Amino acid sequence: MRSIRAAATGAVVMSLALAATACGGGTDSGDGAGGSSKTLTYWASNQGASVAVDKQVLQPELDKFEQQSGIKVKVEVVPWSDLLNRILTATTSGQGPDVLNIGNTWSASLQATGALLPWDAKNFGKIGGRDRFVDPALGSTGAEGKDPAAVPLYSMSYALYYNKQIFADAGIDGPPATWDELVADGAKIRAKGKSVLGAEGSNLSENIHHVFVFAKQHDADFFSADGKPDFTSPKVVDAVKQYVDLMAKDKVIPPGNAEYAQNQSVSDFAKGKQAMLLWQSAAANLKSQGMKDDAYGVAPVPVQKGAPGQGAQVNSMAAGINIAVFKDSHNLDGATEFVKFMTSDAEQKILNKAYSSIPPVKAAQADPAFDGPSTAVLKDTLAKSAAALPQVATESQFETAVGTAVKDLFADAAAGRAVTTASVKAKLEKAQQQMPAA
C-alpha cells in the first residue's frame, strides 16, 4: 500500500476490530441493501502526489461510469494518515461510504470486523470471476481459507530508484545488488557531499514494510505458523537491527530522516539531494515533482547475497490497494457494478498508467504499457520476489506496535544513542506486549 499512511493506534484497532456492525451508504433514495439508489459514495485512497491530482485522475472515470450506468459516484479522496481510522470508525458508527479503497495489508484486520462484503464465488462472478486476477494480488485480500474481504485494484512493489548523475559523479557504474554493495557505494557518495538513501523513519507503515523484507531475508517471520506474534526471535532482532543500522552504523540514511513521514524522502530524491530511494511505484510521483524520466534508474531492492527470489531472497512486500464494499450499503447492486467497472480491463489500464502501478488484472497487466523502464522491475518483483504481509486479524496492531518500535530506534540513532542488539530486542519485547491476547 502507499507509504504515506500511518497506522491507527493499537487500542482503536483492537476495540473496533471486535465489532461487526453495519455501515450504510448510498444516501440518496436508498431503499435497503441491493436497492436502487442512483448515488454511491466512494472513499478513494490518496494515490497521486496530492488529493487534487487524484481528483483529476478519477473524476473523468466516475463521469464515464455515470454515463454507462446512470449511477452518480460521490468521491472523497482520503489521505492515508486518516484512512484506516475513518474506516474503523465507520464500521461501528454506520456512517461510511458504499465503496472504499483499503491498503491490502489491512484486509484481514478489516475482514475481522465483519463489516465488509465477502467476495465469494457468486460475488466474484458478478465482476467477471476470480480468475481474472493474478495470484500474488489475491494473496493480500484476507485471511487464508476465508472469502476475500476486498478485490485487488492497484498492485505495487518496492524498487530501488537511483540518481544516474550522482552515481556517475561518485564513480559508481550501476546500482547495488546487495546491502553490502549499497553501504560501500554510500561511502563514495558521501565523499561527494550527497546523501545516500532516503527513508521515512517516522512512518509506521514504511517501517513495517522494510523490516518485513529484512526479516524474510534473515529467514524469519514476525508471526508463528498459528498466527501468534513472535517479535523477539534472534533472527527478527537481527533483521530490524540491520535496517536501523543503515542510519545508526552504516551512515547511509541521514539522521534527519528519522523525522520523515510524509514523502519527504521522495522530494529529496526528486530534487537531486540524495542518491537512492526505496519506494513503491514512484515514477508518477517523481514526474509530478519535475524529475525527468531519464535522470534516474530503477533496480530491484538489494538482497543479502545472490539475486532476488522467494524465501530469503524476498525483496519487497506485495504492495497494493484493494477495493471493498460495505455489506450493508443501501445499493449493493450498484456498488458491485462500480467494482466491476473499476476492475474492468479498460479501466485497469487507465488507472494504473496514471499511478505508475501494475494492474492486478491479468489481461490489463499484459498490456505493453506496463513493460516500460519504470514498471518492468515492479512487475517482475511482484511475479518473482514479493511476499504478502501476514494476513492475520491483528495485522493493524502489528503495524502500530512494531512500526513505533522502529521509529523509536531511528530516533535513538539520530540522537547518537547506541542501537544495540539488546536495545532492539527490548523495544520489540515492548511491542509484543502491546499485542492483544490470543
Side-chain angles (χ1 to χ4, degrees), residues 1-3 45-50 53-54 56-58 60-61 104 132-137 152-168 172-177 198 209 263 265-267 269-272 274-302 307-309 315-321 342-386:
M1 75 175 54
R2 283 290 183 195
S3 303
S45 51
N46 178 201
Q47 298 302 122
S50 68
V53 168
D54 282 307
Q56 291 172 2
V57 170
L58 291 172
E61 307 316 308
N104 66 355
R132 295 182 59 240
F133 299 88
V134 298
D135 288 338
L153 183 63
Y154 313 127
S155 288
M156 291 168 276
S157 68
Y158 277 87
L160 177 72
Y161 296 80
Y162 62 97
N163 185 300
K164 294 179 180 178
Q165 188 61 55
I166 294 177
F167 269 51
I172 302 170
D173 294 332
H209 297 168
N263 280 357
S265 62
V266 184
S267 295
F269 182 77
K271 295 172 183 175
Q274 72 189 29
M276 288 179 275
L277 173 71
L278 296 172
W279 206 255
Q280 303 173 39
S281 306
N285 197 332
L286 296 173
K287 184 175 182 178
S288 72
Q289 298 192 56
M291 193 174 196
K292 302 290 187 181
D293 291 346
D294 59 0
Y296 64 88
V298 185
V301 173
N315 67 341
S316 177
M317 48 87 71
I321 311 303
M342 293 290 280
T343 59
S344 66
D345 294 354
E347 286 303 307
Q348 282 286 288
K349 294 175 185 178
I350 292 169
L351 294 170
N352 283 281
K353 285 177 185 176
Y355 291 130
S356 68
S357 48
I358 305 298
V361 171
K362 293 175 183 176
Q365 190 177 114
D367 190 292
F370 301 101
D371 291 329
S374 65
T375 53
V377 171
L378 308 179
K379 188 175 175 180
D380 193 61
T381 295
L382 283 170
K384 299 176 182 177
S385 58

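Note that this is a predicted model, so its numbers are computed, not measured. Residues: numbered from 1 along the sequence shown.
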What are the two closest non-hydrogen atoms of [X] and [Y], and how far apart are they?
X      : Y      : answer
Pro176 : Pro302 : O-CG, 4.0 Å
Ala270 : Met291 : CA-SD, 3.7 Å
Met156 : Ser357 : CG-CB, 3.7 Å
Val298 : Tyr162 : N-CE2, 3.7 Å
Gly48  : Val53  : CA-CG1, 4.3 Å
Ala369 : Thr375 : O-OG1, 4.0 Å

Quiz item: Would Leu378 and Phe370 count as a side chain to side chain contact (heavy atoms under 4.5 Å, CB included) if you check the C-alpha gap in whole Å, the side-chain angles of each, and the deciding distance to 0.1 Å?
Solution: CA-CA 9 Å; Leu378 308 179; Phe370 301 101; over 6 Å; no

Let me confirm one number: the [atom1]-[atom2] distance from [X] to [Y], rounded to the nearest 0.5 Å.
X      : Y      : atom1 : atom2 : answer
Leu382 : Ser155 : CG    : OG    : 5.5 Å
Ser50  : Gln56  : OG    : CD    : 7.0 Å
Gln348 : Met342 : CD    : CE    : 8.5 Å
Leu160 : Ser316 : CG    : OG    : 12.0 Å
Leu351 : Ser344 : CG    : OG    : 8.5 Å
His209 : Leu278 : NE2   : CG    : 13.0 Å

Quiz item: Can you tell if the side chain of Asn352 reaches within under 4.5 Å of the side chain of Gln365, non-hydrogen atoms only?
Solution: no

State whether the side chain of [X] and the backbone N or O of [Y] hold a donor-acceptor pair below 3.5 Å, judged by distance alone.
X      : Y      : result
Asn163 : Gly272 : no
Asn104 : Ala318 : yes
Ser356 : Ser281 : yes

Self-check item: Heavy atoms from other residues, nucleotides or ligands near NZ of Lys362 exceed 12 (cutoff 6.0 Å)
Solution: yes

Quiz item: For Lys164, does the NZ atom sit with more than 12 other heavy atoms under 6.0 Å from it, leaving out its own atoms?
Solution: yes

Quiz item: According to the interplanar angle, ranging from 0 to 90°, do the rings of Phe269 and Tyr161 count as parallel (below 30°), tilted (30 to 60°) or perpendicular (above 60°)?
Solution: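 It falls in the perpendicular class, over 60°.
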
Quiz item: Do NZ/NE/NH1/NH2 and the carboxylate oxygens of Asp371 and Lys379 come within less than 4.0 Å?
Solution: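 A salt bridge links Asp371 with Lys379.
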
Quiz item: Does the side chain of Gln274 pick up a donor-acceptor pair with the side chain of Ser265 at under 3.5 Å?
Solution: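 Their side chains do not contain a donor-acceptor pair, so the 3.5 Å distance test is not met.
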
